[in-house]
Amino acid sequence: MIHIAETVGVGSIESFLDPAERLRLAALMHGIVADDGARFGDERRTSIHEIPGHSHEQAMAVYEPAGRVEIPGIPDAAEKILQAAFDRARPALDRVMPSITVCRPWTYVEYGPGQHITSHLDGIAPDPLAWPRQIAGISVVITQPDAGGDFYVETASDDRLWYRQAPDAAANGYAEGMWLAHDGADNSAAWFQQMPRTRWSVAPAPGTALLYGSQLAHGTLPVTAGRCAKFISWLAADEPGS
């Protein structure tokens, strides 16, 4: 049974990547960015973030108003390193988010000066009552910026966010008393912008994986000097018995 604590929790896995793995990943992605960076940065017209009723360009303006480099579909060699790291970390993951069974494909993102990602919830995607379902996000920095770029989560008790309980919780794979966050919790919604939130910020060491529940608002502060390079993915639960 999925407990609400898994979807609003935070955690860390130190040394998720070792120094040699970070260097290898940095080298793999540097070649792509150096050869074709504009296509994944200033010239990019699509995003991994979507807002129903909005175009890709509109979603990008909400989520990444100053832009960023975003590369889904990373090289197979990079995906293999990161998935192996996930497999190594399963015992630590099982202690804090025991429902997780799979790590989705990774995406590479890079932020330069002034760039950041705005506050938003990922939600239990794609549908909290369907399987598989997203439980948490995961990010791991491979190159720290010189200043800025901290990751943060935001907690909130506002009823506008926590607007309904999961129907027939046990039959749908949830512990009793499970609450579901409102869809569309991002800066495209006036209610979300106005909602009081408490921010918790962190600057993790390179190679440390951060875990953040899918019903937890999160984002990053603008980079003020240097560049921040990281990989992100989503951790999901398969249907029990499947």
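Here the structure is a predicted model, which means the values were calculated and not measured.
Here the CD1-CG distance, from I232 to L210, works out to 12.0 Å after rounding to the nearest 0.5 Å. Expressed to the nearest 0.5 Å, how far CD1 of I100 lies from CG of L93 amounts to 5.5 Å.
A donor atom on one side chain and an acceptor atom on the other are found under 3.5 Å apart for S119 and E154. Counted by atom type alone, W162 and S157 present zero donor-acceptor pairs between their side chains at under 3.5 Å. Donor-acceptor pairing under 3.5 Å is lacking for the side chains of D238 and W131.
Within 6.0 Å of CG on D127 lie more than 12 heavy atoms contributed by other residues, nucleotides or ligands.
Remark: F86 pairs with no residue by the ring-ring contact (aromatic ring centres under 6.0 Å, His included) rule, at least two apart or across chains. Every residue two or more places apart in sequence or in another chain that forms a salt bridge (Lys or Arg N to Asp or Glu O under 4.0 Å) with R68 is listed here: E64, E70. Remark: R24 engages no residue in a salt bridge (Lys or Arg N to Asp or Glu O under 4.0 Å) (not counting sequence neighbours). Listed by chain and number, the residues in a ring-ring contact (aromatic ring centres under 6.0 Å, His included) with Y163 are H182 (sequence neighbours excluded). For F231, the ring-ring contact (aromatic ring centres under 6.0 Å, His included) partners two or more places apart in sequence, or in a different chain, are Y108.
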side-chain hydrogen bond (donor to acceptor under 3.5 Å, both in side chains) evaluation trace for W234 with S214:
CA-CA 9 Å; W234 294 269; S214 288; over 6 Å; no
Audit row: E21, R88, salt bridge (charged side-chain N to carboxylate O under 4.0 Å, His left out) steps and yes/no:
CA-CA 13 Å; E21 289 170 326; R88 288 197 307 264; 3.1 Å; yes
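Put simply, M60 and I117 are part of two different groups of oily side chains (I, L, V, M, F, W, Y) that touch within less than 4.5 Å, one to the next. Under the 4.5 Å side-chain heavy-atom criterion for grouping Ile, Leu, Val, Met, Phe, Trp and Tyr, W200 is connected to V202 within one hydrophobic cluster. F151 and F16 sit in two unconnected hydrophobic clusters of ILVMFWY residues. Membership requires side-chain heavy atoms under 4.5 Å apart, directly or through other members.
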Sequence neighbours excluded and cut-off under 3.5 Å, please list the side-chain donor-acceptor pairs for residues 172-180, or say none.
| from | atom 1 | to | atom 2 | distance (Å) |
| --- | --- | --- | --- | --- |
| N172 | ND2 | P167 | O | 2.7 |
| N172 | ND2 | D168 | O | 3.3 |
| Y174 | OH | P128 | O | 2.5 |

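Between Y63 and H120, the distance separating the two ring centers is shorter than 6.0 angstrom.
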